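Working notes, structure below.
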Amino acid sequence: MRKALRLRRLSRPRDDRYLFVPLDHSVSDGPVVPRDRWTDLVDSVVVGGADGIIVHKGRVRTIDPAVLGGCALVVHLSAGTAHMVDANAKVLVGDVEEAVRLGADAVSVHVNIGSDTEGRQLTDFGVVAKACDDWNVPLIAMVYPRGPRIADPNDPELLAHVVNIAVDLGADIVKTNLALPTERMAEVVASCPIPVLVAGGPATGGSLVDHARTAMAVGCSGLAVGRRVFTSPSPMPLVAELASIVHEDPRADLVRAVTGVVASS
């Protein structure tokens, strides 16, 4: 029952659709924004209508709990840097009990299927899933086909395999790539009994708004978009636009009217 309550908090309108904004990139790649812009970024994401933000445990200390309002807090437990010998490797740097003490509504882990350290990552996934069951905490799995054994990270059959690995190991929500051709993402979603979210894609990947519309049209339950939000010159209206697509909610028009800013696509 407690997990069900926490899961409900991950969707602000309680419609089982989700817009998460990961802001955990400072471990893998470096600072997300300068220190003096961090609070404004979090404010923009929350006011824009994101259902949750994803950060590492130490970064939680830099967020005023009052700022989050109805926005869920997800603590990311996996890490790896761009400077590692294997950039696809991920290790656990936190645990579920720590996340609960910090007030997290959920935790997330990252697994790269096809990487040289896939076995270790799957083992860590299992450990976290068991702890989530013990603590009644929802688990978001970010599972990608990524590594030297992956020829096509957007292959629909491979993505169907990937999302079902997440199901079988105990995830409540799974995030992965959008299939190509995009209409075949419907097959991936149909294969999976838990909500499937798609990543925002590369910054050079065309319109993010169109990407969101496509993902929802083929049956995805939402998006997890980080880099393309925090590098936007206007994060708030962009998040509002995405939230309106995910939740079929006209709030984007209201936010743009208030801010006087047109969302960046």
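The chain is numbered in sequence order, starting from 1. These figures come from a predicted structure and were not determined experimentally.
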* To do: Would you please test Lys90 and Thr117 for side chain to side chain contact (heavy atoms under 4.5 Å, CB included) and show each step?
  => CA-CA 8 Å; Lys90 298 293 177 181; Thr117 57; over 6 Å; no
Got a list of side-chain donor-acceptor pairs under 3.5 Å for residues 188-196, not counting sequence neighbours?
unit_1: Ser191; atom_1: OG; unit_2: Asn164; atom_2: ND2; d: 3.1
unit_1: Ser191; atom_1: OG; unit_2: Val188; atom_2: O; d: 2.7

Side-chain donor/acceptor pairs under 3.5 Å, residues 30-43, sequence neighbours excluded:
unit_1: Trp38; atom_1: NE1; unit_2: Thr62; atom_2: OG1; d: 2.9

Sequence neighbours left out, cut at 3.5 Å: what donor-acceptor pairs do the side chains of residues 18-29 make with other protein atoms?
unit_1: Ser26; atom_1: OG; unit_2: Arg59; atom_2: NH2; d: 3.3
unit_1: Ser28; atom_1: OG; unit_2: His25; atom_2: O; d: 3.2
unit_1: Asp29; atom_1: OD2; unit_2: Arg227; atom_2: NH2; d: 2.9

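Taking the side chain to side chain contact (heavy atoms under 4.5 Å, CB included) definition, one finds that Asp168 meets it with nothing, sequence neighbours left out. Applying the side chain to side chain contact (heavy atoms under 4.5 Å, CB included) test to Asp172 and every residue at least two apart in sequence or in another chain returns Lys3, Leu7, Pro138, Leu139. When the ring pair (Phe, Tyr, Trp, His ring centres under 6.0 Å) test is applied to Phe125, no partner is found at least two apart in sequence or on another chain. Residues that satisfy the side chain to side chain contact (heavy atoms under 4.5 Å, CB included) test with Asp124, not counting sequence neighbours, are Leu92, Arg120. Residues forming a side chain to side chain contact (heavy atoms under 4.5 Å, CB included) with Val100 (at least two apart in sequence, or on another chain): Val96, Trp135, Val137.
Among residues at least two apart or in separate chains, ring pair (Phe, Tyr, Trp, His ring centres under 6.0 Å) pairs with a member in residues 42-74 are His56-His76. Among residue pairs with one or both ends in residues 167-186, none qualify as ring pair (Phe, Tyr, Trp, His ring centres under 6.0 Å); sequence neighbours excluded. For residues 146-156, every residue pair satisfying the side chain to side chain donor-acceptor pair (under 3.5 Å) rule, not counting sequence neighbours, is listed here: Asp116-Arg149. Listed by first and then second residue, the ring pair (Phe, Tyr, Trp, His ring centres under 6.0 Å) pairs that reach into residues 144-201 are His110-Tyr144, sequence neighbours excluded.
Linking Ile, Leu, Val, Met, Phe, Trp and Tyr residues whenever their side-chain heavy atoms come within less than 4.5 Å leaves Ile113 and Ile173 in two separate clusters. Placement of Leu77 and Ile53 within a single hydrophobic cluster is found when ILVMFWY residues are connected by side-chain heavy-atom separations under 4.5 Å, directly or transitively.
The environment of CD in Glu157 is sparse: at most 12 heavy-atom neighbours from other residues, nucleotides or ligands sit within 6.0 Å.
Asp95 places a side-chain heavy atom less than 4.5 Å from the side chain of Glu98.
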